Protein chains: 2
Amino acid sequence: MSEGTVTASPFGDRLDAAVRARESQLVLGLDPLPSGLWPTSSGWKPSGSAAAEIAGQRYTDHCQQVIGAVATSCVAVKLQLASFERLGAPGRVALSDTAAFARDAGLLVIADAKRGDIDVSAASYAASLLGATETEYGEVLGLGADAVTVNALMGADTIRPFLEVARSVGAGVFALVRTSNPGAADIQDLELASGGTVSDALARLVANEGITSSSGLADLGAVVGATAPGHLARLREAMPNTPILLPGVGAQGGRIEELLPAWQPGPAGGLVTVSRGIVGAGAASATEPREAAAAEAARLRDLAWQLSAAS
Amino acid sequence: MSEGTVTASPFGDRLDAAVRARESQLVLGLDPLPSGLWPTSSGWKPSGSAAAEIAGQRYTDHCQQVIGAVATSCVAVKLQLASFERLGAPGRVALSDTAAFARDAGLLVIADAKRGDIDVSAASYAASLLGATETEYGEVLGLGADAVTVNALMGADTIRPFLEVARSVGAGVFALVRTSNPGAADIQDLELASGGTVSDALARLVANEGITSSSGLADLGAVVGATAPGHLARLREAMPNTPILLPGVGAQGGRIEELLPAWQPGPAGGLVTVSRGIVGAGAASATEPREAAAAEAARLRDLAWQLSAAS
């Protein structure tokens, strides 16, 4: 590599290396709300007086505590952008601070943005989350996430601008293919005249647009809810090299035991995302939230790791 | 109405009244980028030194100039959130300042967010753009938009939380039904086994979830690209009371003359969104950007108004 050239490793390889190094497929989902935060850490004091600023600082304190409690069991965090955006500009600061803290804890950062737009607008979202923006006043850095979730209802026109920015920095993109909510059936499960469902068509799009690197994993991933494991084997067949992000374990009813097809391409083929199941693990017990979260994260991590090794 | 009760008019009625009062269906699309802004207004000076802050202030100055030039010909602005988000937190400040300026100019504000999520995350996006968030430190106001665009790939689970917040403040929601980009064909035009396309299924969802008020217009709208007028008549039949947002006129090739079915329920049945066609109208001529934009907006407004009156 010549001096001055930056060559980012492909996302598939980075993900594979991270999962193997940390022996974990567990992704900590962070979707803080003003009403459900952990007690502040000792000595926490807000600066400023606007409600949004203080709430943003509370978010950051909460997220840092949760990350501190469970990072050793996880490979990544998934940040739900909606949670942060409801605090306006201070929410973006909290998002950025939380992403930096997660990175320092050795975790990959997945921006759960579910963005879907085209052309320069898709490129703008990608710059905001994965890249940077040149201005005549200097460079504006984006969030620096390692991956972003997108919604491809608008077709390949949405996926390509995100992938272009992602590839330039070794980041990845996860497109919604079959989500974990009951209403996913409204559109995604509709049967097509040519056979298969809308989700199958999305899966084909994902398989076609991704580039697979030496690890055997592609840089374009898919989101397939853990609540509908019946779909998973079929969708894995259509996307043999695609890393799959699996939300819906725990609170929504998904079970890790039913996710085996995700790991067919290797241990990084399936990432198990858990939010409330970890962050709120102490709510039903007398345990400290921190200890309960750490114990639950360790349990989920072990379960997934053992199942993936056996599959 | 008893003291202390706030009863917001339904969005359909508000939209109908605004279009009739301003005799315009023209929506000014604002999607600023650091490289394509109008020259700064005289006396403009940035405060602060960070690139993102200065760029955000430039955005605001640009958007205010454009709004000032064309507001009399328009009924609304459509703010492309991606453009603002690439500047991080200062971008959110610019978005908010631009929305406030547009409101003061008598325009409705449409947040072109294309958000798609479920449950509390959808409610968080809705709070961020249409509502407010209660915290123990006080209320955090959202953007205060009059309407927001959403992506319902995740089904009615996405639409309902947005509509719930929207209805509480008299705001509206526009769901993507058939977008203006070539790649829209990848998923939206797929034929279903039960007949019709994915767009037709989205149109049924929109028709079912909207509530029509006394003006004859629903509070749940649709986005149908002006570049595919062949779809418009069919989709209007499936959504007889739905306000339709029509992007794609001008740069993308759509023609106002082909949009007549949009106005079947009345003059507010179709909103014509134009971005580059107005903001960049002076680029090809020796005219001031302001004068060229004002002339082009007036021309487009007259054309749409006359066609809608004749239809």
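Please read these numbers as outputs of a predicted model, since none were measured by experiment.
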If you count heavy-atom pairs under 4.5 Å with chain B, which of A:Ile54, A:Thr135, A:Leu176 comes out on top?
A:Ile54
Measure the spacing between CG of A:Asn151 and CG of B:Leu153 and express it to the nearest 0.5 Å.
4.5 Å
Considering all heavy atoms, the nearest A:Gly183-B:Asp157 contact:
N-OD2, 2.6 Å
In terms of heavy-atom proximity below 4.5 Å to chain A, should B:Ala113 be classed as side chain, backbone, both, or neither?
backbone
Who among A:Ser121, A:Ala201, A:Ala52 has the most heavy-atom pairs with chain B under 4.5 Å?
A:Ser121
Has B:Asp117 got a side-chain atom pairing as donor or acceptor with A:Lys114's backbone, closer than 3.5 angstrom?
no
Heavy-atom pair with the smallest gap, counting every atom of A:Asn181 and B:Met154
ND2-O, 2.9 Å
Counting only non-hydrogen atoms closer than 4.5 Å, does B:Glu191 touch chain A with its backbone (N, CA, C, O), its side chain (CB onward), both, or neither?
both
How about CD on A:Glu139, more than 12 heavy atoms from neighbouring residues, nucleotides or ligands closer than 6.0 Å, or not?
yes
As an exercise: rank A:Ala156, A:Ala51, A:Ala55 by heavy-atom pairs under 4.5 Å with chain B and give me the winner.
A:Ala51
Answer yes or no: are there more than 12 heavy-atom neighbours, outside B:Arg276 itself, under 6.0 Å from its atom CZ?
no
Heavy-atom contact with chain A under 4.5 Å, split by part of B:Arg58
side chain
Atom group of B:Leu202 that falls short of 4.5 Å from chain A, counting heavy atoms
both
Mind checking salt bridge (charged side-chain N to carboxylate O under 4.0 Å, His left out) for B:Glu53 and listing every partner two or more places apart, or none if nothing turns up?
none
Which atom pairs, donor and acceptor, lie under 3.5 Å between side-chain atoms of residues 82-96 of chain B and protein residues at least two apart or in another chain?
| from | atom 1 | to | atom 2 | distance (Å) |
| --- | --- | --- | --- | --- |
| B:Ser83 | OG | B:Pro32 | O | 3.2 |
| B:Glu85 | OE1 | A:Arg115 | NH2 | 2.9 |
| B:Glu85 | OE2 | B:Arg115 | NH2 | 2.5 |
| B:Arg86 | NE | A:Thr133 | OG1 | 2.9 |
| B:Arg86 | NH1 | A:Ser124 | OG | 2.9 |
| B:Arg86 | NH2 | A:Thr133 | OG1 | 3.4 |
| B:Arg92 | NH1 | B:Ser128 | OG | 3.0 |
| B:Arg92 | NH2 | B:Ser128 | O | 2.8 |
| B:Arg92 | NH2 | B:Ser128 | OG | 3.4 |

The interface call for B:Pro46 against chain A, heavy-atom contacts under 4.5 Å, is neither
Taking A:Gly131, A:Pro34, A:Ala122 one by one, which has the highest count of heavy-atom pairs under 4.5 Å against chain B?
A:Pro34
Taking 4.5 Å as the heavy-atom cut-off, does anything in residues 140-150 of chain A contact chain B, and if so which residues?
A:Val140
Looking at OH of B:Tyr125 and CD of A:Gln80, how far apart are the two atoms once the value is rounded to the nearest 0.5 Å?
5.0 Å
Please classify the contact between B:Asp31 and chain A as side chain, backbone, both or neither, with a heavy-atom cut-off of under 4.5 Å.
neither
Is B:Ala50 close to chain A through its backbone or its side chain, or both, or neither, when contacts mean heavy atoms under 4.5 Å?
neither
Of all heavy-atom pairs between B:Ala152 and A:Ile187, which one has the smallest distance, and what is that distance?
O-CG1, 3.8 Å
Which answer fits A:Leu205, side chain, backbone, both or neither, if we ask what part of it has an atom under 4.5 Å from a heavy atom of chain B?
side chain
B:Ala132 versus chain A, heavy atoms under 4.5 Å apart: side chain, backbone, both or neither?
backbone
Residue pairs involving residues 174-189 of chain B (criterion salt bridge (Lys or Arg N to Asp or Glu O under 4.0 Å); sequence neighbours excluded):
B:Arg178-B:Asp189
